[in-house]
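The first residue of the sequence shown is numbered 1, and numbering continues consecutively from there. A quick note: this is a predicted structure, and the numbers were derived from the prediction, not measured.
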Amino acid sequence: MQALTHNENWKLDPARCFNPEPTWRQTATELYETVKDLPLVCPHGHVSPDLLADPAATLGSPADLFIIPDHYVFRMLYSQGIGLETLGIPASNDTNLPVESDHRAIWQRFAENFHLFRGTPTGLWLTDELINLFGINTKLNGVTAQVIYDQLSRQLASAEFKPLALYKQFKIEVLCTTDPPWASLEQHTTLQSMGLRVLPTMRPDGVINLDAPGWVANIEQLAQVCRIDIKDYASFIRCLEDRRTFFKQRGATATDQGCQTPYTERLPDYQAEAIFERAFRQHLEPTDASRFSAHMIMEMARMSLEDGLVMQLHAGSHRNHNQFLFEEFGPDKGADIPVQTEWTNNLYNLLNTFGNDRRLSLVLFGLDESAYSRELAPLAGHYPALLLGPPWWFFDSVNGMNRYLDRVIETAGVYNTAGFNDDTRAFASIPARHDVWRRVTCNWLAGQHLKGLIDREDAGEMALDFAYRRAKQVYQLDK
């Protein structure tokens, strides 16, 4: 191995994300100073409650923390021909593919290829974590990999880097998880008894999307926790309603569901029953899954209107596009790819049924940027029930956020958007992700002020709304 170079000057630019023009940068910096230390409100994400509820839980090794669970990381490495098995990710089938178990070797491979993340949001988040959270001041590369691994390992084994300690260090005010409808939510009860606002969010995809892997087994789990014999469509709906009540009693303020196409259609009960029965027999007809999904978006909106849970709809991803990878390693391996998405006609049935009712809060997330100004902002700027979520997934980035703000705010306004959420499984990245959003929104607002479009007082209020207040208001977390 090459000799380590002790060039201890790895730093982040304190003015990152800000326009280099001096007056613009100064105004952005002033706005950022008012919001940078606000508590973090995390209304949507995928951090496991087990991580916080178990006092013995740790973040594991550096490979466990930064690489193995994070599809943002390993999808980039895979794109350069690095096999997932060499990154410690096991196959899901019976091929007996050898999996790298040496976490030092995994980390070395990652470090040698850290340059691949230059210019990406993942690279910015990772750099922020390494420098600001762990105090690493030597740039990560193949030469420095093992010394940095040792430093990270010592810190991750210490009490200060236990998940619960970091939760408090991050100043997280509320953290919402994403949970299947059959979840017991015992961990949430434990965490809330400890005085932590860790709230569940019901994600029904595994039972409302008939083509979901293991759908029949998921229905059986749902029936077991509901103590209802799900024998038909009517009992299925009754069980979902019961679980929503259960989640709400344990602090939930929202549900979350995903679909490839946001088509909405209310089916007559007899048609929904017929499709549901065919799903049980595993004899679905070609259009059954898509029509039932469209119907269940309508049903979830109806339930949200009745019980007050915020409804989140994520649309526009072709899941598991890489069939080889899906068959070899299973879902969620970085091969979910955006598709062109139409909203105006697809949501017509839903919005003309529920869109004018202020009791419903429907937050939309999409991956087709061309729809921002063409459809999403005009829809959100009109229908009382509709709100826009922040830039999602591939567009949770500096440039993606700027494009979103340019295309959405002038039509929908700030108050038809839902603030920010980090939507992460990588627990340690939460502060970095919020920081990027706060920097970008303050920089954008500085530009609006300097162009004479908003005054300084309004810019300051909007910065607070973007960073903190809107998420609390939209997700009913200020109660």
Side-chain angles (χ1 to χ4, degrees), residues 40-54 57-78 84 87-90 92 103 106-107 110 117 120-126 128-130 133-134 152 156 161-164 166-167 170 172 174-180 183 185 187-188 191 198-203 205-206 213 254 256-258 312 314 317 319-320 325-326 329-337 365 367 389-397 420-437:
L40 304 184
V41 176
C42 308
H44 173 65
H46 301 275
V47 172
S48 170
D50 294 333
L51 193 67
L52 300 167
D54 181 0
T58 71
L59 295 174
S61 73
D64 287 321
L65 176 60
F66 288 98
I67 305 166
I68 296 172
D70 195 340
H71 63 77
Y72 284 91
V73 171
F74 59 67
R75 77 183 308 272
M76 176 64 79
L77 300 174
Y78 181 80
L84 296 188
L87 300 171
I89 299 166
S92 62
H103 283 205
I106 294 169
W107 181 260
F110 166 64
F117 297 96
T120 70
T122 305
L124 181 57
W125 299 331
L126 291 169
D128 192 326
E129 291 172 61
L130 290 167
L133 180 57
F134 292 97
L152 293 173
L156 290 171
F161 284 84
K162 292 279 191 181
L164 195 55
L166 289 175
Y167 180 95
F170 293 165
I172 296 175
V174 57
L175 176 73
C176 298
T177 61
T178 301
D179 312 275
L185 305 186
Q187 302 95 328
H188 294 83
L191 289 164
V198 179
L199 308 179
T201 300
M202 187 173 117
R203 181 159 193 153
D205 292 13
D256 173 48
Q257 65 195 95
Q312 299 175 98
H314 291 77
S317 177
R319 304 281 179 171
N320 307 307
L325 213 63
F326 175 67
F329 291 93
D332 301 321
K333 295 299 181 289
D336 298 341
I337 308 297
F365 298 82
L367 291 174
W392 174 41
W393 206 339
F394 295 96
F395 308 117
D396 182 9
S397 63
F420 182 68
N421 64 66
D422 50 77
D423 191 23
T424 186
R425 291 175 173 83
F427 176 64
S429 74
I430 289 176
R433 295 184 184 211
H434 281 263
D435 186 64
V436 170
W437 172 254

Verify side-chain contact (heavy atoms from CB on, under 4.5 Å) between L65 and F161, making sure each step is shown before the conclusion. CA-CA 12 Å; L65 176 60; F161 284 84; over 6 Å; no

Can M76 and T122 be said to form a side-chain contact (heavy atoms from CB on, under 4.5 Å), step by step? CA-CA 10 Å; M76 176 64 79; T122 305; over 6 Å; no

What do the steps show when you test L152 against L130 for side-chain contact (heavy atoms from CB on, under 4.5 Å), and what is the final call? CA-CA 9 Å; L152 293 173; L130 290 167; 4.1 Å; yes

Tell me, with the steps shown, if I172 and C42 meet side-chain contact (heavy atoms from CB on, under 4.5 Å). CA-CA 8 Å; I172 296 175; C42 308; 4.3 Å; yes

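Checking D256, D423, D205 one by one against H314, the side chain to side chain donor-acceptor pair (under 3.5 Å) holds for a single residue, D256.
In this structure, NE2 on H44 lies 11.0 Å from CZ on F420, to the nearest 0.5 angstrom. Separation of atoms NE2 (H188) and CG (D179) is listed at 4.5 Å; rounding is to 0.5 Å. Considering CZ of F365 and CH2 of W393, their distance stands at 13.0 Å, rounded to 0.5 Å. Interatomic distance, OG of S48 versus CZ of F427, reported as 11.0 Å (0.5 Å rounding). To the nearest 0.5 Å, the span separating CG on D70 from CG on D64 amounts to 12.5 Å. Within the model, atoms CG of L59 and CG of L51 stand 5.5 Å from one another, a figure rounded to the nearest 0.5 Å.
Counting heavy atoms from C-beta on, the side chains of V47 and Y167 never come closer than 4.5 Å. In this structure the side chain of F110 reaches within 4.5 angstrom of the side chain of L126, judged on heavy atoms. Taking the side chain as every heavy atom from C-beta outward, L133 and L166 approach each other to under 4.5 Å. Taking 4.5 Å as the limit, every side-chain heavy atom of T58 sits out of range of all side-chain heavy atoms of L156. Contact annotation: the side chain of W125 never approaches that of I430 to less than 4.5 Å [non-hydrogen atoms, C-beta and beyond]. Put simply, the side chain of H103 does not reach to within 4.5 Å of the side chain of P62, judged on heavy atoms. Taking 4.5 Å as the limit, every side-chain heavy atom of L175 sits out of range of all side-chain heavy atoms of L199. By the 4.5 Å heavy-atom criterion applied to side chains, E129 and F66 are counted as neighbours.
Put simply, the side chain of T120 gets close to the backbone of G123: a donor and an acceptor are under 3.5 Å apart. A distance-only check finds a donor-acceptor pair linking the side chain of T178 to the backbone of G45 [under 3.5 Å].
Closest of all the heavy-atom pairs between C176 and T201 is CB-OG1, 3.7 Å. For I89 against F329, the heavy-atom pair with the smallest separation is O-CE2, 3.3 Å. Among all heavy-atom pairs drawn from D336 and S317, the shortest one is CB-OG, 3.4 Å. Closest non-hydrogen pair, P49 versus T177, comes out as CD-CG2, 4.1 Å. Shortest non-hydrogen contact noted between L40 and P431 is CD1-CA, 4.0 Å. Of all non-hydrogen atoms in F117 and V73, the two that sit nearest each other are CZ-O, 3.5 Å.
For R433 and Y72, the positive end sits near the middle of the six-membered ring, less than 6.0 Å away and at most 45° from its axis.
Every residue two or more places apart in sequence or in another chain was checked for a salt bridge (Lys or Arg N to Asp or Glu O under 4.0 Å) with R425, and none qualifies. P69 is linked by a side chain to side chain contact (heavy atoms under 4.5 Å, CB included) to nothing, counting only residues two or more places apart in sequence or in another chain.
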